[in-house]
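Note that this is a predicted model, so its numbers are computed, not measured. Note that the numbering runs from 1 along the sequence shown for the chain.
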Amino acid sequence: MPHSVLFVCLGNICRSPIAEGVFRALVEEAGLAKRFTIDSAGTGAWHEGDPPDPRSIEIAAKHGIDISAQRARQVRHEDFQNFETILAMDNENLSVLRRKAGTKPTRIQLFLNTPPMSVPDPYYGGPDGFENVYQLVRSGSEDFLKSVI
Ligand code: 4NP
């Protein structure tokens, strides 16, 4: 059985698309693509069907990763059955996910397990926020990959 990982933020247009893209790139570089199912979603539905925020596409591209084909979607009930691990970008999204999951056995945890623990929402800030997201997501992805292989 492959590992299945769902990255979750609020809108699924800024943070979790970058996480999906970076983690997929790491897994591919490691030759482990067949062992993982990777997706991302948002706890909110406002951006359903939208591509990632242009600032997220740009920061990922700057680091050699193309996330432009991704489309936003809201977390669905089946996600709590289908994904072994759901990784939340911050505590607000973690709480929403835990509430929605009920007693399902999915592992739901914060994506980062070292300070600052949360990947801050860059939506209303400047471009530095997106570079910060990228750096946090890269180290978080490396840590998570080491923890599961
Ligand atoms: P994300 O950022 O959760 O990292 O995708 C946001 C995107 C959109 C909104 C909030 C956060 N919004 O309120 O529309």
Side-chain angles (χ1 to χ4, degrees), residues 2-30 32-102 104 106-113 116-145 148:
H3 292 290
S4 51
V5 189
L6 182 69
F7 295 93
V8 176
C9 61
L10 182 59
N12 193 211
I13 55 167
C14 294
R15 291 166 288 177
S16 59
I18 297 175
E20 178 185 338
V22 166
F23 188 69
R24 179 169 289 120
L26 277 181
V27 160
E28 283 172 3
E29 279 162 29
L32 298 170
K34 287 206 179 74
R35 286 171 54 185
F36 284 88
T37 300
I38 303 163
D39 198 3
S40 66
T43 53
W46 311 284
H47 296 282
E48 187 90 35
D50 290 353
D53 187 287
R55 297 166 294 176
S56 285
I57 293 177
E58 189 180 315
I59 206 73
K62 189 180 148 212
H63 293 280
I65 297 169
D66 181 5
I67 63 167
S68 63
Q70 291 187 34
R71 294 296 177 264
R73 70 169 181 88
Q74 190 173 27
V75 171
R76 299 187 274 258
H77 287 299
E78 312 89 86
D79 292 328
F80 300 105
Q81 308 278 10
N82 295 344
F83 287 89
E84 182 184 15
T85 308
I86 302 183
L87 296 174
M89 295 294 140
D90 58 34
N91 279 304
E92 289 72 26
N93 288 299
L94 181 71
S95 305
V96 172
L97 287 166
R98 290 209 163 128
R99 202 163 55 235
K100 285 191 181 193
K104 304 262 175 25
T106 332
R107 185 175 359 140
I108 304 173
Q109 61 194 46
L110 280 176
F111 172 43
L112 301 184
N113 60 11
M117 305 306 290
S118 288
V119 181
D121 184 350
Y123 190 60
Y124 293 107
D128 288 359
F130 284 81
E131 178 62 27
N132 183 48
V133 167
Y134 176 82
Q135 296 299 338
L136 289 172
V137 158
R138 168 144 302 258
S139 66
S141 293
E142 288 167 356
D143 289 348
F144 179 71
L145 183 57
V148 287

K.L.:
Closest heavy-atom contact between Pro122 and Arg15?
P.N.:
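The answer is CD-CG, 3.7 Å.
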K.L.:
side-chain contact (heavy atoms from CB on, under 4.5 Å), that's the test. Do Ile67 and Ser56 meet it? Break it down for me.
P.N.:
CA-CA 8 Å; Ile67 63 167; Ser56 285; 4.1 Å; yes
K.L.:
Decide if atom CD of Glu58 counts as having more than 12 heavy atoms of other residues, nucleotides or ligands within a radius under 6.0 Å.
P.N.:
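Open: at most 12 neighbouring heavy atoms sit under 6.0 Å from CD of Glu58.
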K.L.:
Find out whether Cys9 and Val119 are in side-chain contact, i.e. whether some heavy atom of one side chain is under 4.5 Å from a heavy atom of the other.
P.N.:
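Heavy-atom side-chain distance check fails, nothing below 4.5 Å.
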K.L.:
With side-chain contact (heavy atoms from CB on, under 4.5 Å) as the criterion, how do Ile13 and Tyr123 come out once you've worked through the C-alpha distance, each side chain's angles and the decisive distance to 0.1 Å?
P.N.:
CA-CA 9 Å; Ile13 55 167; Tyr123 190 60; 3.8 Å; yes
K.L.:
What is the minimum heavy-atom distance between Pro120 and Asn132, and which atoms define it?
P.N.:
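Shortest heavy-atom separation between Pro120 and Asn132 comes out as CG-ND2, 3.7 Å.
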K.L.:
Can you find a heavy atom in the side chain of Asp128 that is under 4.5 Å from one in the side chain of Glu131?
P.N.:
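No - every pair of side-chain heavy atoms lies 4.5 Å or more apart.
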K.L.:
Are Phe111 and Phe7 close enough that their ring centers fall under 6.0 Å?
P.N.:
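Aromatic pair counts; centres sit under 6.0 Å.
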K.L.:
Would you give the length of the straight line joining atom CG of Leu6 to atom OG of Ser16, rounded to the nearest 0.5 angstrom?
P.N.:
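Those atoms lie 8.0 Å apart.
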K.L.:
Any side-chain heavy atom of Asp39 sitting closer than 4.5 Å to one from Thr37?
P.N.:
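The answer is no, as the side chains (C-beta and beyond) never meet within the 4.5 Å cut-off.
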K.L.:
To the nearest 0.5 Å, how far apart are OG in Ser141 and CG in Leu145?
P.N.:
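If we round to the nearest 0.5 Å, Ser141:OG and Leu145:CG are 8.5 Å apart.
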K.L.:
Roughly how far, to the nearest 0.5 Å, is the NE2 atom of His3 from the CZ atom of Phe83?
P.N.:
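It comes to 14.0 Å.
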K.L.:
Where do Leu97 and Ala88 come nearest, in terms of heavy atoms and distance?
P.N.:
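Shortest heavy-atom separation between Leu97 and Ala88 comes out as CD1-CB, 3.9 Å.
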K.L.:
Could you please spell out the steps behind the side-chain contact (heavy atoms from CB on, under 4.5 Å) verdict for Ile108 and Lys100?
P.N.:
CA-CA 11 Å; Ile108 304 173; Lys100 285 191 181 193; over 6 Å; no
K.L.:
So which heavy atom on Leu112 is nearest to which on Gly140, and how close?
P.N.:
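Here Leu112 and Gly140 meet closest at CD2-CA, 3.8 Å.
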K.L.:
Quick one: closest heavy-atom pair of Gly125 and Arg55, and the distance?
P.N.:
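Scanning both residues, the minimum pair turns out to be O-NH1, 3.5 Å.
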K.L.:
Where do Ser68 and Pro51 come nearest, in terms of heavy atoms and distance?
P.N.:
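Of all heavy-atom pairs spanning Ser68 and Pro51, the closest is O-CB, 4.4 Å.
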K.L.:
If we only count heavy atoms from C-beta on, is the Leu26 to Arg138 side-chain gap below 4.5 Å?
P.N.:
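Leu26 reaches Arg138 side chain to side chain.
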K.L.:
Taking side chain as C-beta onward, heavy atoms only, is Phe144 less than 4.5 Å from Thr85?
P.N.:
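With C-beta onward as the side chain, the pair touches.
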K.L.:
Out of curiosity, Arg73 CZ to Asp50 CG, how far, rounded to the nearest 0.5 Å?
P.N.:
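Output value for this atom pair is 14.5 Å.
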K.L.:
At what distance, to the nearest 0.5 angstrom, does CG of Asp79 lie from CD of Gln74?
P.N.:
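Answer rounded to 0.5 Å: 10.0 Å.
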K.L.:
So do Pro2 and Phe36 actually touch side chain to side chain, heavy atoms under 4.5 Å?
P.N.:
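Side chain of Phe36 against side chain of Pro2, heavy atoms only: no contact under 4.5 Å found.
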K.L.:
How long is the span from the CD atom in Glu20 to the CG atom in Asn12, to the nearest 0.5 Å?
P.N.:
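These two atoms lie 7.5 Å from each other.
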K.L.:
Is there a side-chain contact between Asn93 and Asp90 in this structure, where contact means two heavy atoms from C-beta onward sitting under 4.5 Å apart?
P.N.:
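The answer is yes, as the side chains (C-beta and beyond) meet within the 4.5 Å cut-off.
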K.L.:
Indicate yes or no: at least one non-hydrogen side-chain atom of Ser4 is less than 4.5 angstrom from one of Asn82.
P.N.:
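A side-chain contact is absent here, since even the closest heavy-atom pair is not under 4.5 Å.
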K.L.:
Decide side-chain contact (heavy atoms from CB on, under 4.5 Å) for Val27 and Ile38; before the verdict, give the C-alpha distance in whole Å, the side-chain angles of both, and the deciding distance to 0.1 Å.
P.N.:
CA-CA 10 Å; Val27 160; Ile38 303 163; 4.3 Å; yes
